[in-house]
Asks: 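Sending over a structure as C-alpha cells; questions will come in a sec.
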Amino acid sequence: MTTPGLPNEPAQFRAAVDAMNSAVVRPEIEVGPIRPPQRLAPYSYAIGAEVRHDDGDATGEHEVFSEGDAFGRLILLHDPDGDEAWNGTMRLVAYIQADVEPALAADPLLPEVAWSWLVDALDEKADEIVALGGTVTATSSVRYGDIAGPPRAHQLELRASWTATSTELASHVEAFCDVLSYAAGLPPAGVTKLGKRSR
C-alpha cells in the first residue's frame, strides 16, 4: 500500500483522491481521512464519516442531529494493472453502521429499503459504475449484567463495493454520505427537525 502524496503515485490515483477530498457533504456529517487497509491493492485511500451530535450552545439548547450513532468508511482501492473481479482499476468499498429504532429494525423490508438508498444515491449522483454488490444486515442485541449501554440495541449494517469508471469520485463520496444520512434518520438537507419546546 502506498500513502497518498508520494511522488511515485499514478496520476489516476492522485486525481481520484483529490476528487474524493473535494466532495461537499451536509454539515451534520464529519468527514476526514483515515488509515486505509493494508495489502488489498497496490494503492489505497480511505475516509471516515460520522453523523455528529451537537452538544448545544450557550443557551443550553441541544440540537441532536441523530438519535443514535451512525458512522461509516469509504475505501478507494487502485490497481493500475486492473483486476478481473473488479472489471476495472478503481474499486470503492463502503461500510455503514447506524443505530435504528425498534420499529424500523423489526421491518422485514429494511434490508431492501437500505439497499435501495445506495442504488438510488449512486444512480442520482455518481458517474457510471459497474460490478455493484453487497449485503445489508439488521441486528438486535440484548445486554445482560454489568454492561454499559441501553438494554436493547438495534443496528443496521450496509457493506457494498463497486467499480468506478472515472476519477471523478466526489459524487461517490456525496452519494455515500447521503446513504449515511438516511440510515441515521436525518431529515432532508435544509429541513430542521422539530424538537420539544421548553415552556
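Quick note: numbers below take in every heavy atom, side chains included, and nothing from hydrogens, waters or symmetry partners. Bear in mind that the values here come from a model prediction, so they are computed numbers and not experimental data.
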Asks: Are any side-chain N or O atoms of Arg14 and backbone N or O atoms of Glu9, one a donor and one an acceptor, separated by less than 3.5 Å?
Replies: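 Looks like yes, one N/O pair under 3.5 Å.
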Asks: Tell me if a side-chain donor or acceptor on Gln38 pairs with a main-chain N or O of Pro36 at a distance below 3.5 Å.
Replies: yes
Asks: Step by step, work out the side-chain contact (heavy atoms from CB on, under 4.5 Å) result for Val93 and Trp162.
Replies: CA-CA 7 Å; Val93 181; Trp162 61 91; over 6 Å; no
Asks: Identify the two heavy atoms, one from Ala70 and one from Ala98, that lie closest to each other, and give their separation to 0.1 Å.
Replies: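 Where Ala70 meets Ala98 most closely, the heavy atoms are CB-CB, 3.9 Å.
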Asks: Regarding Tyr182 and Asp120, do their side chains bring together a donor and an acceptor under 3.5 Å, going by distance alone?
Replies: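 Judged by distance alone, the side chains do not pair up.
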Asks: Might you confirm whether atom CD of Glu112 has over 12 heavy atoms from other residues, nucleotides or ligands at distances under 6.0 Å?
Replies: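 Yes, because the 6.0 Å sphere around CD of Glu112 holds more than 12 heavy atoms from other groups.
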Asks: Is there a donor-acceptor pair closer than 3.5 Å between any side-chain N or O of Ser181 and the backbone N or O of Asp178?
Replies: yes
Asks: Taking all non-hydrogen atoms of both residues, which atom of Gly72 and which atom of Leu180 are closest, and how far apart?
Replies: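 That would be N-CD1, 4.4 Å.
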Asks: Using a 4.5 Å cut-off on heavy atoms from C-beta on, say whether the side chain of Pro111 contacts that of Thr137.
Replies: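 No, side chains not in contact.
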Asks: Would you name the heavy atoms of Ala105 and His154 that are closest together and state the gap between them?
Replies: CB-CB, 3.5 Å
Asks: Answer yes or no: is there a donor N or O on one side and an acceptor on the other, between the side chain of His78 and the main chain of Thr89, under 3.5 Å?
Replies: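 Confirmed, His78 side chain pairs with Thr89 backbone.
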Asks: Evaluate the criterion side-chain contact (heavy atoms from CB on, under 4.5 Å) for residue pair Thr139 and Glu157; output intermediate values, then yes/no.
Replies: CA-CA 8 Å; Thr139 62; Glu157 288 188 355; 5.8 Å; no
Asks: Is the backbone N or O of Val24 less than 3.5 Å from a side-chain atom of Glu174, with the two atoms forming a donor-acceptor pair by type?
Replies: yes
Asks: Assigning hydrophobic clusters by single linkage (Ile, Leu, Val, Met, Phe, Trp, Tyr; side-chain heavy-atom cutoff under 4.5 Å), is Val17 placed with Val173?
Replies: yes
Asks: Using only heavy-atom distances, determine whether the side chains of Thr163 and Arg91 contain a donor-acceptor pair under 3.5 Å.
Replies: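 Short answer, yes.
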Asks: I need the minimum non-hydrogen distance between Leu156 and Ala183, along with the two atoms involved.
Replies: CD2-CB, 4.3 Å
Asks: I would like to know whether Gln97 and Gln155 meet side-chain contact (heavy atoms from CB on, under 4.5 Å); could you show each step before the answer?
Replies: CA-CA 7 Å; Gln97 178 179 301; Gln155 292 181 329; 3.2 Å; yes
Asks: Would you please test Ile47 and Ile34 for side-chain contact (heavy atoms from CB on, under 4.5 Å) and show each step?
Replies: CA-CA 5 Å; Ile47 61 169; Ile34 60 175; 5.7 Å; no
Asks: Can you check whether Phe176 reaches Leu118 side chain to side chain, under 4.5 Å on heavy atoms?
Replies: no
Asks: Check whether Arg35 reaches the backbone of Tyr45 with its side chain - one donor and one acceptor, N or O, closer than 3.5 Å.
Replies: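 Side chain of Arg35 to backbone of Tyr45: no pair is present.
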Asks: Please check if the side chain of Asp79 supplies one atom and the backbone of Ala41 the other of a donor-acceptor pair under 3.5 Å.
Replies: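 Answer holds: no.
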